[in-house]
Trainee: 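Can you keep this structure in mind? I'll have questions shortly.
On a predicted model such as this, the values are computed, not experimentally measured, just so you know. Chain letters run A, B, ... following the sequence lines, proteins first, then strands; residues in each count from 1.
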There are 2 protein chains.
Amino acid sequence: MSKTKALPLIESTGRQSVEPCCPPLTERPFTADEAETAARMFKALGDPVRLRLFTLIASHEGGEACVCDISDVGVSQPTVSHHLKKLKEAGLLTSERRGTWVYYRVEAPALAGMSQLLPHTPAPSPASA
Amino acid sequence: MSKTKALPLIESTGRQSVEPCCPPLTERPFTADEAETAARMFKALGDPVRLRLFTLIASHEGGEACVCDISDVGVSQPTVSHHLKKLKEAGLLTSERRGTWVYYRVEAPALAGMSQLLPHTPAPSPASA
DNA sequence: CGCTTGTTTCGACGACTGTCGATATCTGGT
DNA sequence: ACCAGATATCGACAGTCGTCGAAACAAGCG
């Protein structure tokens, strides 16, 4: 019944440049819809356990990892599964079963879409000059 | 009583290059501490109302705005104040009173620190060939 | 000094979230 | 067919979160 749709936050155009859901945070005020979409991304990474799981997978070989490899973050196995599901619903991960094991993989375009929300400026420090 | 300390997530070195709290998400598994710190940032932006307030301020002239300018996001004024406080505690905003009004300003270094958590790669699309 | 306007704090309430143990499902091997 | 290991789902529970109205606090003005 939950309306958790796995919207990938970026359009999978198959191109090199991703289509972010929203402009950079500093460009213009977000509409309610944009805020809703972008907030879902940030929220997904807004939990320490999820962040650890994500970095665990992202830094793993090939950007993917078996659940059995990342189940050691201090919470029970059901909780790990729960968080992986959340990340998957947020479009940040995909999963694939290979025999007995399930492998989670980083959805790189989604991550790239997120990165485009933040300005890449080298922190304009007015105190410098 | 709340242990909400406004840790700015990056070191205010006064330099052009900011000191991010953690390496990029894809570089290596975060420690529990790193995950805690980074999650706090993402969490702060993980609410639609906060995101709208933030973009409202960030896109405002000079990267700052009076509370009276941004109180129209669909929630009550106390709630706006509550969210602004949260963003401030996360180190993403600062506030300053000028006479009757209070101005909130984007803490650019914090934003830059966040941006360094996400890989700036142009989304490696394996389907491109 | 008291009124008005702008902003924050307080207290309460419902909703959501992270967590767990128990259980179900899936897969491969015996 | 059965069992064992891996993962997901379920149901429950405590804690957090977003929200509000009421009230407090701050600043300017008459």
Trainee: Would you mind telling me which residue lines up with the more 5' stretch of DNA chain C, A:Arg98 or B:Cys66, judged by nearest nucleotide?
Mentor: B:Cys66
Trainee: With nearest nucleotide decided by heavy atoms, which residue, A:Thr100 or A:Lys85, maps closer to the 5′ end of DNA chain D?
Mentor: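 Final value for this comparison: A:Thr100.
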Trainee: What closest approach, in Å, do A:Gly62 and A:Arg105 show between heavy atoms, and which atom pair accounts for it?
Mentor: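 So the minimum-distance heavy-atom pair works out to O-NH1, 3.2 Å.
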Trainee: Rounded to whole Å, how long is the line connecting atom CZ of B:Arg97 with atom P of C:dT8?
Mentor: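 From B:Arg97 CZ to C:dT8 P: 7 Å.
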Trainee: Working to the nearest 0.5 Å, report the span between CG of B:Leu51 and CG of A:Leu117.
Mentor: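 Between B:Leu51 CG and A:Leu117 CG, I get 8.0 Å after rounding to 0.5 Å.
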Trainee: Name every residue in residues 56-65 of chain A that has at least one heavy atom under 4.0 Å from any atom of DNA chain C, in order of residue number, or write none if there are no such residues.
Mentor: none
Trainee: Could you tell me how far apart A:Trp101 (CH2) and D:dA8 (C1') are, to the nearest whole angstrom?
Mentor: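 Rounded to the whole Å, the gap is 17 Å.
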Trainee: Which whole-number value in Å describes the distance from A:Phe42 CZ to D:dC17 P?
Mentor: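 Going from CZ in A:Phe42 over to P in D:dC17 covers 18 Å.
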Trainee: Can you tell me if A:Arg97 uses its side chain to pair, donor with acceptor, with the backbone of A:Gly99 under 3.5 Å?
Mentor: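 Checked: pair present.
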Trainee: Looking only at side-chain N and O atoms, does B:Tyr104 come under 4.0 Å of OP1 or OP2 in C:dT8?
Mentor: yes
Trainee: Quick check for you: to the nearest 0.5 Å, what is the distance between B:Met41 atom CE and A:Leu118 atom CG?
Mentor: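 Rounded to the nearest 0.5 Å, the CE-CG separation comes to 8.0 Å.
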Trainee: Using whole Å, what does the distance between atom P of nucleotide D:dA26 and atom CD of B:Glu96 come to?
Mentor: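 Rounded to the whole Å, the gap is 17 Å.
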Trainee: Check A:Cys22 against A:Phe30 and note the closest heavy-atom contact, atom names and distance.
Mentor: CB-CZ, 3.5 Å
Trainee: Among B:Leu92, B:Leu87, B:Thr94, whose side chain to side chain contact (heavy atoms under 4.5 Å, CB included) with B:Glu107 holds?
Mentor: B:Thr94
Trainee: Give every pair of a protein N or O atom and an N or O atom of nucleotides 13-20 of chain C that lie under 3.5 Å apart, one pair per line with the distance.
Mentor:
| residue | atom | partner | partner atom | Å |
| --- | --- | --- | --- | --- |
| C:dT17 | OP1 | A:Lys43 | NZ | 3.3 |
| C:dG18 | OP1 | A:Arg50 | NH1 | 3.2 |
| C:dG18 | OP1 | A:Arg50 | NH2 | 2.8 |
| C:dG18 | OP2 | A:Arg50 | NH1 | 3.4 |
| C:dG18 | OP2 | A:Lys86 | NZ | 2.9 |
| C:dT19 | OP2 | A:His83 | NE2 | 2.3 |
| C:dC20 | OP2 | A:Ser76 | N | 2.6 |
| C:dC20 | OP2 | A:Ser76 | OG | 2.9 |
| C:dC20 | OP2 | A:Thr79 | OG1 | 2.8 |

Trainee: Are OP1 or OP2 of D:dA8 and a side-chain N or O of A:Ser81 less than 4.0 angstrom apart?
Mentor: yes
Trainee: Which whole-number value in Å describes the distance from A:Leu87 CG to D:dA8 P?
Mentor: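 To the nearest whole Å, that distance equals 12 Å.
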Trainee: For A:Tyr104 versus A:Ile57, what's the shortest heavy-atom pair and its separation?
Mentor: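 Answer, listing the atom of A:Tyr104 first, then A:Ile57: O-CG2, 3.4 Å.
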Trainee: Would you give the length of the straight line joining atom CG of B:Asp69 to atom OH of B:Tyr103, rounded to the nearest 0.5 angstrom?
Mentor: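 Rounded to the nearest 0.5 Å, the CG-OH separation comes out at 6.5 Å.
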Trainee: Are A:Val75 and A:Leu93 in one and the same hydrophobic cluster, where Ile, Leu, Val, Met, Phe, Trp and Tyr link if side-chain heavy atoms are under 4.5 Å apart?
Mentor: yes
Trainee: Nearest whole angstrom, please: distance from the P of D:dG18 to the CZ of B:Arg52.
Mentor: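 These atoms are roughly 16 Å apart.
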